[in-house]
A.B. asks: 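Once you've had a glance at the structure underneath, I'll fire off some questions.
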Protein chains: 2
Amino acid sequence: MGLDEQHQTTRERLLEAAGEVFAEKGYRDTTVREICQQANANVAAVNYYFGDKQRLYADVLRYAHQCSGAARQSEIAAAERRSPEVRLQGFVEAFLGHIFNEGRAAWHGKLMAREMMEPTQALDALVEERVRPMAHELESITRELIGPEATTEQVRLCVVSVVGQCLHYHHSRPVICRLYPELDFGARDITVLVRHITRFSLSAIKSMASLSDDADRKGGWNEGQ
Amino acid sequence: MGLDEQHQTTRERLLEAAGEVFAEKGYRDTTVREICQQANANVAAVNYYFGDKQRLYADVLRYAHQCSGAARQSEIAAAERRSPEVRLQGFVEAFLGHIFNEGRAAWHGKLMAREMMEPTQALDALVEERVRPMAHELESITRELIGPEATTEQVRLCVVSVVGQCLHYHHSRPVICRLYPELDFGARDITVLVRHITRFSLSAIKSMASLSDDADRKGGWNEGQ
DNA sequence: TTGACATTCAAACCTGTGTTTGAAAGTTTT
DNA sequence: AAAACTTTCAAACACAGGTTTGAATGTCAA
């Protein structure tokens, strides 16, 4: 089976290398040559095994999703029996883990974050297959926290606010590192961040219920308030 | 004065075109040819008037800052006499305005947002000269809202949370458009967004005071709480 | 008016990137 | 063992993007 192993080795080496570099640099800034160098393969190998760079990227997205798929199923199942508070913390923790963790399991989160900043042809499918389910989960949590008077717009704005906080640590990391170096968290240090974002968001979301009945009718707080 | 006008016209046309395209596409995805096309100038004009693309970019950043500079001074001065609530709203409104507005005055905000996602050599200076003063303003607001027991870490985490919400609408716009089309705001529609982010953030920040004394000591809420 | 200087221009240059090509080498099938 | 198929490889190709070059044109100063 020497042939088969050799066959899998080059293709798999390319997948591995590409997963890592795409996750780190995004599609645009990743060169085929760099992937091949890291995979110890000839530059034409990408075309031989995957057809072109774009299809390699698509295969990497698929592969990365597989690597993270099993873990997500158990997370979602476990979350359904929890309070919305714990579910929110779980969501934030998983989200940030995908951004800060190292290794194959974290590629998917990083690739998604990258794709959001620099969309390729893969964005549409990614939104429908990956982002929307996550958004639904967070919507569910948000509705439960606000209560039955929650409007769709409220829920969605809150979802975006929670996700925006998390993604900010990915998208603007070079700035945050310069501005507040102590906020440059590694994978082992995200508990502080998880706690903050969860708490910040919980307070805000829970206040939506009381505000809907009260200050919303009065048009919000004013300077004189 | 035909020479002087013609001289200014080409150079200024380049600055204008570059301001617009850089703000829209960022440094990397902007080509010298596209700038020159829009400016109705020869492709070598960038090198003639600015030396190279990078220096053109640096000049655009400087110019954009001038265009937004006067407006910012009056905003800051006015804000000092206001409550932290109004100041926060003003901050969010200005921030989002810079992202969604059209025209030269908005270049600076867009260029900064772009630079955060895709850092160039200009990032260090930009953080020190532009981002940090804005962060200080938001820190000041946050400290006033939390009160004297506010820790530096708390304040900074809150600053990042507020800014992250705003920037999310810039950085991940293609995703938000697909996920929640009704949240794709134009310049005339940001009042909903300003109100939401302000409210969300105010509630969260104000809850930091009570949480510091209480739940923080108990290690936060648990499932059984 | 001529010379000096400034501006504009098209073409060439250089480098980088993804892809193609065809030969060589390796492996499997007949 | 030969033919068929697969994999690998280096070089070439095609194109994009920033920069350089030198001539032509325009403007200003002597």
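Every chain is numbered from 1 and lettered A, B, ... according to where its sequence line falls, protein lines coming before strand lines.
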A.B. asks: Between dA11(C) atom C1' and N47(B) atom CG, what is the distance in whole Å?
C.D. replies: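 The distance from CG of N47(B) to C1' of dA11(C) comes to 14 Å, rounded to the nearest Å.
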
A.B. asks: Separation of N42(A) atom CG from dT19(C) atom P, in whole Å?
C.D. replies: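 After rounding, the reported distance stands at 14 Å.
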
A.B. asks: Using a 3.5 Å distance criterion without hydrogens, assess whether the side chain of T151(A) forms a donor-acceptor pair with backbone atoms of Q154(A).
C.D. replies: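 Yes; judged by distance alone, with no hydrogens or angles, the pair exists.
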
A.B. asks: Check ring pair (Phe, Tyr, Trp, His ring centres under 6.0 Å) between Y27(B) and all other residues, then give those that pass, not counting sequence neighbours.
C.D. replies: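 Partners of Y27(B) under the ring pair (Phe, Tyr, Trp, His ring centres under 6.0 Å) test: F22(B), Y57(B).
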
A.B. asks: Do F95(B) and I197(B) make a side-chain contact, defined as non-hydrogen atoms from C-beta onward lying under 4.5 Å apart?
C.D. replies: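 They are not in side-chain contact.
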
A.B. asks: Once ring pair (Phe, Tyr, Trp, His ring centres under 6.0 Å) is applied, do any residues pair with H196(B), and if so which ones, sequence neighbours excluded?
C.D. replies: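 Listed in chain order: F200(B).
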
A.B. asks: Can you measure Y48(A) atom OH to dA24(C) atom P for me and round it to whole angstrom units?
C.D. replies: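 Nearest whole value for this atom pair: 18 Å.
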
A.B. asks: Name all residues meeting the side chain to side chain contact (heavy atoms under 4.5 Å, CB included) criterion together with Q37(B); count only those two or more places apart in sequence or in a different chain, and write none if there are none.
C.D. replies: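 Q37(B): no side chain to side chain contact (heavy atoms under 4.5 Å, CB included) contacts found.
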
A.B. asks: Near DNA chain C, under 4.0 Å by heavy atom, which residues of residues 15-40 of chain A?
C.D. replies: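 Listed by number, they are T30(A), T31(A), V32(A), R33(A).
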
A.B. asks: Measure the shortest side-chain to side-chain distance between V127(B) and L123(B) over non-hydrogen atoms and say whether it is less than 4.5 angstrom.
C.D. replies: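 When only atoms from C-beta onward are counted, L123(B) and V127(B) do touch, with a gap below 4.5 Å.
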
A.B. asks: Please pick, from dT20(D), dT6(D), dT20(C), the nucleotide with the shortest atom-to-atom distance to any side-chain atom of A44(A).
C.D. replies: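 So the side chain of A44(A) is nearest to dT20(C).
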
A.B. asks: Tell me the interatomic distance from R11(A), atom CZ, to dT6(D), atom C1', rounded to whole angstroms.
C.D. replies: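 One finds 15 Å between C1' of dT6(D) and CZ of R11(A), rounded.
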
A.B. asks: Going by side chain to side chain contact (heavy atoms under 4.5 Å, CB included), name the residues that satisfy it together with Q38(A), two or more places apart in sequence or in a different chain.
C.D. replies: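 Here the qualifying residues are A17(A), E20(A), V21(A).
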
A.B. asks: Within less than 4.0 Å of OP1 or OP2 of dA6(C), is there a side-chain N or O belonging to Y49(B)?
C.D. replies: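 For dA6(C), OP1/OP2 do not have a side-chain N/O of Y49(B) under 4.0 Å.
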
A.B. asks: At a heavy-atom distance below 4.0 Å, what parts of residues 50-62 of chain A sit against DNA chain D?
C.D. replies: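 Close to the strand, none.
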
A.B. asks: Testing V160(A), V159(A), V155(A) for side-chain contact (heavy atoms from CB on, under 4.5 Å) with L138(A), which one passes?
C.D. replies: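 Option passing the side-chain contact (heavy atoms from CB on, under 4.5 Å) with L138(A): V159(A).
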
